[in-house]
Number of protein chains: 2
Amino acid sequence: MRESDQQEAAPEQPRRRPGYKRTDEICDGIMGWIVEDRLKPGDRLPQERELMARFKASKSTVREALKALQTQGLIATRTGPGGGAFVAALDGNRAMELLSNYFYFRHPTIGDIYALRKVLEPQMAASLAGRLTQENFSRLEETIRIYDHPAANIGEEYRQRIAELDFHTVLAELCPNPILGFMCSFLQNLLRNLSICRRIYDTPNPELRESALHYQARLIEALREENAVRAASIMFEHMCTAQDYMEACEAEIQDGFLKFDE
Amino acid sequence: MRESDQQEAAPEQPRRRPGYKRTDEICDGIMGWIVEDRLKPGDRLPQERELMARFKASKSTVREALKALQTQGLIATRTGPGGGAFVAALDGNRAMELLSNYFYFRHPTIGDIYALRKVLEPQMAASLAGRLTQENFSRLEETIRIYDHPAANIGEEYRQRIAELDFHTVLAELCPNPILGFMCSFLQNLLRNLSICRRIYDTPNPELRESALHYQARLIEALREENAVRAASIMFEHMCTAQDYMEACEAEIQDGFLKFDE
DNA sequence: AGATATTTGTTCGTATGTATT
DNA sequence: TAATACATACGAACAAATATC
């Protein structure tokens, strides 16, 4: 009774394997359409009613499958007439959210992050030489202006640290190598969200700000000169000193915690 | 930050906004529990029945929310007595699948991939010096044995190319820096799955095999000597020559396609 | 080993919210 | 404004998986 009555004389039959998981079958089926038919973002997918018919599944099951695809950023849905499910391109921010979950239980250290930033950010900076428009430079300088002065309070202090990271994110978004750009942005995001980093950013650290400001101003200069080698070496130094500061703060904070730990 | 000021007082009032999106509310709620209560992999979550009651939502809605969390690898579910939803740790393979979607419409080139491999793989190799057990070495040599001889046919040819990548994946899994290990594995995965690469791997290329074999044997030697610097430099050379071969093949294949393109 | 209880997975029918025309 | 087409939400019942006795 496993291989039940699926001989409806219908042409296409998903075969209804006993180890069922209808939802996953529907997911795989729709993903198959996307790759085989070379569907592109914005292309329509069949509506729920038709999916129910094609997969011989109930509304709830079809909806669970669509929800899974939506969660992965592969489709987007709209209500109303002309609505339905459409192919979508997973955007960078969503991709980083999904990837962040992988590191949620793996606790990368500041050393882990900077080991990568030290090699990736210089290469990213170098790849930008000769590719920035006047508008891009304006945006960078606008970002720098947020932390070109000492912070008046802790709140501003924190916002300045985030803005320093934003500076790098602006660069990463302009990187012609999409993988390199993504990885740089992702590391920046880790720094923004890691709890140890948040604690560091919450404590005043005037040297960190001045150091960043100095390197980033020089970096803009090198990029204006379209000097890739110099941009890379400035960025490398910047990452090295930033790592030193961060790890010093980390040690200090963890020392403090030892006293209060039970 | 969500405004999830759930007044956990006596009257449970999820606020029930008319603008539906109940599913997302439930997702956010459960994710909130995971982070606020510091839940760890394996910890139980309430069962469907109780979730329905807590969120005052129907079974289908709760299930869609659970499906979304499951898709992200944050929970796993089991049927039967004692079953239910459990917190899970997103595993590496699933994380790579999710991230792959980001690059599905962004078409990284072989140059993009190797620009990163050239800096990441050497660092990864260096981090392994003095950390490998006899068992690890055995596994590496076992992998190499798959391609230590010329392939008899196209099928074996392809499997050899995949095994060459597997060699690097074995190393990446042992990398003490989880981010570095993940990124190396991910780049290897991209090479495995990119259609241009599959075409390259499907064509005979004896030089590529011999070159890889040579470098990897020397790499094992350096790792046995626990010589990090030498391991890194061998890996760097390996990546450079591999890139040259791959890009030469890429150009050849694309030349061939130009003739058949309309 | 087999029956049973428990829990997720699936189905169907219906009602409601939302955007287009 | 009303009609329409679509996703979203609800609830009861059924099917399948699995731990326990």
Side-chain angles (χ1 to χ4, degrees), chain A residues 1-6 8 10 13-30 42-88, chain B residues 12-30 33 42-88:
Chain A
M1 71 172 65
R2 283 282 146 83
E3 304 261 42
S4 51
D5 45 21
Q6 291 295 57
E8 226 91 46
Q13 207 63 312
R15 185 38 75 186
R16 184 63 179 277
R17 288 166 310 162
Y20 56 98
K21 295 284 190 205
R22 306 283 293 115
T23 302
D24 294 343
E25 285 178 17
I26 297 172
C27 271
D28 292 346
I30 295 176
D43 286 354
R44 279 197 80 112
L45 258 44
Q47 304 173 321
E48 286 185 0
R49 257 204 300 258
E50 197 186 332
L51 292 172
M52 291 168 62
R54 284 219 212 182
F55 290 102
K56 299 206 192 315
S58 74
K59 181 158 244 170
S60 312
T61 307
V62 166
R63 282 188 58 76
E64 277 187 42
L66 291 175
K67 188 74 194 176
L69 296 173
Q70 201 180 13
T71 303
Q72 297 171 76
L74 286 153
I75 66 168
T77 54
R78 286 205 306 269
T79 62
F86 298 82
V87 177
Chain B
E12 287 260 1
Q13 198 67 343
R15 184 47 70 192
R16 185 57 182 281
R17 289 172 310 163
Y20 49 100
K21 291 211 170 150
R22 306 280 295 118
T23 301
D24 294 343
E25 284 177 18
I26 298 172
C27 269
D28 292 346
I30 296 176
W33 296 344
D43 286 355
R44 280 198 78 112
L45 259 43
Q47 304 176 316
E48 288 183 359
R49 267 208 312 260
E50 197 184 330
L51 291 173
M52 289 167 64
R54 283 218 214 182
F55 291 103
K56 298 205 193 315
S58 75
K59 176 161 190 142
S60 315
T61 308
V62 166
R63 282 187 56 78
E64 275 187 45
L66 291 176
K67 188 75 197 174
L69 296 173
Q70 202 181 9
T71 302
Q72 296 171 78
L74 287 155
I75 66 168
T77 54
R78 286 205 305 269
T79 61
F86 298 81
V87 177

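Quick note on labels: first sequence line is chain A, next is B, and so on, each numbered from 1.
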Given the options Lys59(A), Lys67(A), Arg63(A), Glu64(B) meets salt bridge (Lys or Arg N to Asp or Glu O under 4.0 Å) only with Arg63(A)

Leu45(B) atom CG is separated from dT7(C) atom P, nearest whole Å, by 15 Å

Tested for side chain to side chain contact (heavy atoms under 4.5 Å, CB included) against Leu69(A), the lone hit among Val87(A), Leu45(A), Ile75(A) is Ile75(A)

Rounding to 0.5 Å, atoms CZ (Phe86(A)) and CZ (Arg78(A)) come to a distance of 4.0 Å

Taking dT10(C), dC10(D), dT11(C) as options, the one with an atom nearest any side-chain atom of Arg22(B) is dC10(D)

Please test Ile30(A) against Leu74(A) for side-chain contact (heavy atoms from CB on, under 4.5 Å), starting from the C-alpha separation and ending with a verdict. CA-CA 10 Å; Ile30(A) 295 176; Leu74(A) 286 153; over 6 Å; no

Residues of residues 67-75 of chain B with a heavy atom under 4.0 Å from any atom of DNA chain C, listed by number, are none

Here the distance between atom C1' of dG9(C) and atom CG of Asp24(A), to the nearest Å, is 11 Å

To the nearest 0.5 Å, atom CD of Glu48(B) lies from atom OG of Ser58(B) at 10.5 Å

Q. Any luck finding a side-chain donor-acceptor pair between Gln70(A) and Thr77(A) under 3.5 Å?
A. yes

*Trp33(B) six-ring centre to Arg54(B) NZ/CZ under 6.0 Å and within 45° of normal*: yes

Distances under 3.5 Å between nitrogen or oxygen atoms of protein and nucleotides 2-6 of chain D:
{"unit_1": "dC6(D)", "atom_1": "OP1", "unit_2": "Gln47(A)", "atom_2": "NE2", "d": "2.6"}
{"unit_1": "dC6(D)", "atom_1": "O5'", "unit_2": "Gln47(A)", "atom_2": "OE1", "d": "3.4"}
{"unit_1": "dC6(D)", "atom_1": "O5'", "unit_2": "Gln47(A)", "atom_2": "NE2", "d": "2.7"}

Rounded to the nearest 0.5 Å, the CD1 atom of Ile26(A) sits from the NZ atom of Lys56(A) at a distance of 12.0 Å

Does the side chain of Thr77(B) get closer than 4.0 angstrom to OP1 or OP2 of dT7(C) through an N or O atom? no

Pick base, sugar-phosphate or nothing for Thr61(B), based on heavy-atom distances below 4.0 Å to the nucleic acid. sugar-phosphate

Lys21(B) atom NZ is separated from dG17(C) atom C1', nearest whole Å, by 13 Å

To the nearest angstrom, the CE-P distance between Met52(A) and dT10(C) comes to 14 Å

Lys59(A) atom NZ is separated from dG13(C) atom P, nearest whole Å, by 12 Å

Checklist entry - Counting any heavy atom closer than 4.0 Å, what does Ser60(B) reach on the DNA or RNA strands: base, sugar-phosphate only, or nothing? => result base

Interatomic distance, CE@Met52(B) vs OG1@Thr61(B), rounded to 0.5 Å, equals 9.0 Å

Glu25(A) atom CD is separated from dG9(C) atom C1', nearest whole Å, by 13 Å

Rounded to whole Å, CZ of Arg63(A) lies from P of dC12(C) at a distance of 16 Å

